[in-house]
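Quick notes on the structure that follows.
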Amino acid sequence: MTAVIPVRSLDDLAPGMEFDLGRFTLPREEVLDFARKFDPQPFHLDDEAAKGSIFGRLVASGVHTFSATLGHLLRSGLLAEVNLGASGVEVAWPAPLDPDEPVTLRLVVEEVRPSRSKPEMGIAKLRYLVARERDGTVVLSALATHFLKR
C-alpha cells in the first residue's frame, strides 16, 4: 500500500484534492467465499454458470468490491485521525472486476463543509474511484458522505 500522510482535520481538505491510496486485489478464494456468504449469484460462484451470464465469466460481487475498497481506505490511515463515520453512499459498478485483478484506489474530495450544529466537526463528500491497474477501467465509483473532526 502507498504510504499516506494522515489528514489531521476536515479543514485540511478542499474540493478537487486527490489521494492515490495504492492497489489491492480480491483473490479468487475470497471472491468465492464472499459470494457463498453474502451474494450467492451464479456469476460470482461458478465458472461454468458464469459463462451464461451477462459477464460471460466469473466476476467479483460489487458489494464485495465496495467492502474491500472501504477496508483499503481505512487501512491506508488517511482518515484515521479524523473519521467519525459516514451517513450514506451512492455507488455504481460501471465495469465488472475479475478475481485476482489488481486495482488502484483514488480518493477525490468533492465537497467540504463545516457542520452548522457541531463546530467540532464537518462533512466531506469523498469519491472513491477503483480502477483496473492494467487499463484504468473504473470498476467502482462511490460518493460517500463522511463526518470528520475539525
Side-chain angles (χ1 to χ4, degrees), residues 1-10 12-13 15-112 115 121-149:
M1 180 179 302
T2 304
V4 295
I5 297 171
V7 171
R8 305 235 185 266
S9 168
L10 170 85
D12 293 341
L13 298 176
M17 291 176 78
E18 296 187 14
F19 299 89
D20 173 8
L21 298 179
R23 69 193 295 267
F24 65 94
T25 61
L26 297 181
R28 179 181 172 81
E29 284 309 310
E30 286 183 21
V31 167
L32 295 170
D33 187 50
F34 185 94
R36 281 190 289 271
K37 291 177 182 174
F38 304 110
D39 196 356
Q41 298 183 76
F43 43 84
H44 299 320
L45 289 169
D46 181 83
D47 288 301
E48 283 305 309
K51 287 179 183 176
S53 74
I54 61 171
F55 306 110
R57 66 192 186 284
L58 187 109
V59 297
S61 164
V63 176
H64 185 191
T65 305
F66 177 76
S67 179
T69 298
L70 182 58
H72 189 79
L73 167 63
L74 295 173
R75 281 188 297 278
S76 78
L78 180 70
L79 303 177
E81 296 180 25
V82 296
N83 193 45
L84 298 171
S87 72
V89 64
E90 298 171 26
V91 65
W93 299 280
L97 176 59
D98 295 342
D100 300 312
E101 175 84 36
V103 291
T104 59
L105 172 57
R106 186 165 42 104
L107 190 74
V108 180
V109 179
E110 293 203 359
E111 181 182 328
V112 179
S115 170
M121 64 182 280
I123 298 160
K125 291 201 176 195
L126 306 174
R127 170 86 49 196
Y128 311 168
L129 292 168
V130 177
R132 292 183 198 140
E133 191 172 61
R134 68 179 156 90
D135 64 8
T137 299
V138 173
V139 298
L140 178 135
S141 175
L143 182 63
T145 302
H146 284 259
F147 299 114
L148 304 176
K149 292 179 190 175

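Quick note: residue numbers are just sequence positions, from 1.
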Is the side chain of [X] donor-acceptor paired with the backbone N or O of [Y] at a distance under 3.5 Å, no angle test?
X: H44; Y: V59; value: yes
X: S67; Y: V63; value: no
X: H146; Y: N83; value: no

Measuring from [X]:[atom1] to [Y]:[atom2], what's the distance to the nearest 0.5 Å?
X: K37; Y: L32; atom1: NZ; atom2: CG; result: 12.0 Å
X: T65; Y: L140; atom1: OG1; atom2: CG; result: 6.5 Å
X: E111; Y: K125; atom1: CD; atom2: NZ; result: 5.0 Å
X: S76; Y: L105; atom1: OG; atom2: CG; result: 7.5 Å
X: L45; Y: D39; atom1: CG; atom2: CG; result: 8.0 Å
X: H72; Y: T25; atom1: NE2; atom2: OG1; result: 10.0 Å

Which atoms form the tightest heavy-atom contact between [X] and [Y], and what is the distance?
X: A142; Y: V91; result: CB-CG2, 4.0 Å
X: L58; Y: V31; result: CD2-CG1, 4.4 Å
X: A60; Y: P99; result: N-CD, 4.4 Å
X: A49; Y: P42; result: CB-CB, 3.8 Å
X: P6; Y: G77; result: CB-O, 3.5 Å

Practice prompt. Indicate yes or no: does E101 engage R132 in a salt bridge with an N to O separation below 4.0 Å.
Written response: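 Looking at R132 together with E101, the answer is no, because their closest N to O distance does not fall below 4.0 Å.
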
Worksheet item: Between D47 and K51, is there a salt bridge with N-O shorter than 4.0 Å?
Response: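 A salt bridge is absent here (no side-chain N lies under 4.0 Å from a carboxylate O).
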
For residues [X] and [Y], determine if any side-chain heavy atom of one lies less than 4.5 Å from a side-chain heavy atom of the other.
X: L148; Y: L13; answer: yes
X: P102; Y: R134; answer: no
X: V130; Y: F66; answer: no
X: P27; Y: D100; answer: yes

Worksheet item: Passes side-chain contact (heavy atoms from CB on, under 4.5 Å), V109 versus F19? Steps please.
Response: CA-CA 9 Å; V109 179; F19 299 89; 4.0 Å; yes

Discussion item. Classify the ring geometry of H64 against F34: parallel below 30°, tilted from 30° to 60°, perpendicular beyond 60°.
Written reply: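 Judged by the thresholds at 30° and 60°, the geometry between H64 and F34 is parallel.
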
Discussion item. Before you tell me yes or no, could you show the steps for I54 and F43 under side-chain contact (heavy atoms from CB on, under 4.5 Å), namely the whole-Å CA-CA distance, both residues' side-chain angles and the distance that decides it to 0.1 Å?
Written reply: CA-CA 9 Å; I54 61 171; F43 43 84; 6.0 Å; no

Practice prompt. Name all pairs fulfilling the side-chain hydrogen bond (donor to acceptor under 3.5 Å, both in side chains) condition that reach into residues 89-98, sequence neighbours left out, sorted by first residue then second.
Written response: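 Non-adjacent pairs meeting side-chain hydrogen bond (donor to acceptor under 3.5 Å, both in side chains): R57-D98.
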
Practice prompt. Please step through side-chain contact (heavy atoms from CB on, under 4.5 Å) for the pair V112 and L10, ending with a clear verdict.
Written response: CA-CA 7 Å; V112 179; L10 170 85; 3.5 Å; yes

Item to complete: List for me each residue that meets side chain to side chain contact (heavy atoms under 4.5 Å, CB included) alongside R106, sequence neighbours excluded, and say none if there are none.
Response: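 E18, V108, L129.
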
Worksheet item: Do L126 and L73 pass the side-chain contact (heavy atoms from CB on, under 4.5 Å) test, and can you show the C-alpha distance, the side-chain angles, and the key distance before you say yes or no?
Response: CA-CA 11 Å; L126 306 174; L73 167 63; 5.6 Å; no

